[in-house]
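Quick notes on the structure that follows.
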Amino acid sequence: MWNWLRLVKDSVSEKTIGLMRMQFWKKTVEDIYCDNPPHQPVAIELWKAVKRHNLTKRWLMKIIDEREKNLDDKAYRNIKELENYAENTQSSLLYLTLEILGIKDLHADHAASHIGKAQGIVTCLRATPYHGSRRKVFLPMDICMLHGVSQEDFLRRNQDKNVRDVIYDIASQAHLHLKHARSFHKSVPVKAFPAFLQTVSLEDFLKKIQRVDFDIFHPSLQQKNTLLPLYLYIQSWRKTY
């Protein structure tokens, strides 16, 4: 369902159509929890998962509600707004993953919250060149204004220091969330670690962007790291995140 919701924004040009699709998913979730899922493959599989793992309805609805609000195609007013979006989407998805793993633990939830926020921030950074090619910029306006950077600077792929300073500030916030998540490491049940393996790719991106001095348009950031599967295996073997 998450991929379907994520694609709605990119696949529809009319906000009304996007809203109709979101309403479909809202009703679908309501029907699923009434044991009456529509005859749609994704909905049926989601219904099975809800029944099997007793998934919390609130997390599913938060994801849909937040994606619906995000159809407006507006830049985030501040970093807090971006973090709220990430919490209600990426973190909610991690809470559901923890439920699937049978984990109910406050420390795991705290870690999931911070990892989800880091994921949302990194996704926003990673997508900046793509959005720029479509004449859109979603980076937090407060940080852009702090460094005297306009949306046009990103549309023109400006590489001045003040533009890189914006990226540095945003990337630093993602790094801070990863650091906070890892501070709970000793208290989080080992069974929860598979849900948090995305920290490998998040850290990889943050290291890569640091190496290119926070030039968000550097070609190397668009290249896949072929060693990521190995890093994932090592992290899994070490029972860490």
Side-chain angles (χ1 to χ4, degrees), residues 1-73 84-106 108-120 122-124 126-127 130-131 138 188-202 224 228-229 232-233 235-236 241:
M1 186 191 80
W2 167 245
N3 285 333
W4 280 58
L5 293 173
R6 184 172 55 81
L7 290 170
V8 166
K9 184 175 177 179
D10 289 336
S11 63
V12 299
S13 55
E14 293 288 337
K15 183 182 175 183
T16 305
I17 298 173
L19 287 171
M20 288 171 61
R21 294 187 182 180
M22 293 300 176
Q23 286 302 314
F24 164 79
W25 281 110
K26 282 184 179 181
K27 186 176 186 310
T28 294
V29 171
E30 294 289 353
D31 290 343
I32 282 171
Y33 280 86
C34 290
D35 263 349
N36 186 33
H39 294 290
Q40 197 264 10
V42 177
I44 291 171
E45 289 305 313
L46 183 58
W47 171 68
K48 290 178 182 176
V50 167
K51 295 287 285 182
R52 187 179 305 121
H53 302 290
N54 194 27
L55 300 181
T56 301
K57 178 182 175 183
R58 180 170 76 256
W59 304 133
L60 292 168
M61 296 303 288
K62 273 182 176 288
I63 294 171
I64 300 170
D65 287 340
E66 199 63 34
R67 292 300 293 178
E68 183 177 57
K69 285 192 289 185
N70 202 241
L71 288 173
D72 285 330
D73 262 4
N84 286 340
Y85 172 77
E87 168 69 30
N88 290 328
T89 54
Q90 301 288 353
S91 299
S92 291
L93 199 60
L94 284 174
Y95 299 146
L96 290 166
T97 304
L98 289 174
E99 289 186 342
I100 288 171
L101 293 172
I103 296 162
K104 291 187 177 181
D105 180 85
L106 188 61
D109 287 345
H110 283 322
S113 176
H114 285 294
I115 292 170
K117 287 173 183 173
Q119 176 76 64
V122 166
T123 299
C124 185
R126 198 191 295 268
Y130 167 73
H131 288 142
F138 295 105
V188 172
V190 174
K191 274 180 62 180
F193 290 2
F196 301 154
L197 284 176
Q198 67 208 76
T199 56
V200 174
S201 61
L202 296 179
K224 291 182 178 179
L228 267 184
L232 281 165
Y233 173 78
Q235 188 134 315
S236 176
Y241 63 85

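These values consider heavy atoms only, across backbone and side chains, with no hydrogens, waters or symmetry-generated copies.
Not one N or O on the side chain of N70 forms a donor-acceptor pair closer than 3.5 Å with the backbone of E66. Side-chain N or O atoms of S201 include one that pairs as donor or acceptor with a backbone N or O of Q198 at under 3.5 Å. In this structure, S236 contributes its side chain and L232 its backbone to no donor-acceptor pair below 3.5 Å. Using a distance-only test at 3.5 Å, with no hydrogens or angles considered, no donor-acceptor pair links the side chain of Y85 to the main chain of G120.
When all heavy atoms are compared, the tightest approach of L101 to A195 is CD1-CB, 3.8 Å. Shortest non-hydrogen contact noted between L94 and G116 is CD1-N, 3.8 Å. Nearest heavy atoms, A108 versus P189: CB-CD, 4.3 Å. Considering every non-hydrogen atom in both W47 and I32, the closest pair reads CD1-O, 3.5 Å. Here the closest heavy-atom approach between residue M22 and residue I64 is recorded as O-CG2, 3.8 Å. Minimum interatomic distance between H53 and I100 (heavy atoms only, all atoms of both residues): ND1-O, 3.5 Å.
Looking only at side-chain heavy atoms (C-beta outward), Y95 and T56 stay at 4.5 Å or farther from each other. Taking 4.5 Å as the limit, every side-chain heavy atom of V200 sits out of range of all side-chain heavy atoms of Y241. Between E99 and N54, every side-chain heavy-atom pair lies at or beyond the 4.5 Å cut-off. Side-chain contact between P38 and T28 is present, with heavy atoms from C-beta onward closer than 4.5 Å. By the 4.5 Å heavy-atom criterion applied to side chains, F196 and L98 are counted as neighbours. Here the side chains of Y33 and L55 are in contact, with some heavy-atom distance below 4.5 Å. Counting only heavy atoms from C-beta outward, the side chains of I63 and L93 approach each other to under 4.5 Å. Counting heavy atoms from C-beta on, the side chains of L46 and L60 come closer than 4.5 Å.
Going from atom NZ of K62 over to atom CG of L96 covers 11.5 Å, rounded to the nearest 0.5 Å. For the atom pair K224 NZ and L228 CG, the distance stands at 10.0 Å (nearest 0.5 Å). Here the straight-line distance linking atom CG of D105 with atom NE2 of H110 works out to 9.0 Å at 0.5 Å rounding. In this structure, T199 OG1 and Q235 CD are separated by 4.5 Å, a value rounded to the nearest 0.5 Å. With values rounded to the nearest 0.5 angstrom, M61 atom CE is found 12.0 Å from S92 atom OG. Expressed to the nearest 0.5 Å, how far CH2 of W25 lies from CD of Q23 amounts to 13.5 Å.
N36 CG: more than 12 foreign heavy atoms inside a 6.0 Å radius.
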(message) Under the criterion salt bridge (charged side-chain N to carboxylate O under 4.0 Å, His left out), I'd like the reasoning laid out for D35 against K51: C-alpha separation, chi angles, the key distance, then a yes or no.
(response) CA-CA 9 Å; D35 263 349; K51 295 287 285 182; 3.2 Å; yes
(message) Let's go through K27 and E30 carefully: what are the C-alpha distance in whole Å and the side-chain angles of both, what is the deciding distance for salt bridge (charged side-chain N to carboxylate O under 4.0 Å, His left out) to 0.1 Å, and is it a yes or a no?
(response) CA-CA 5 Å; K27 186 176 186 310; E30 294 289 353; over 6 Å; no
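Salt bridge K26/D65: present, at least one basic N to carboxylate O contact under 4.0 Å.
Taking W59 as the reference, nothing meets the side chain to side chain donor-acceptor pair (under 3.5 Å) condition, with sequence neighbours excluded. Listed by chain and number, the residues in a side chain to side chain donor-acceptor pair (under 3.5 Å) with S113 are E87 (sequence neighbours excluded).
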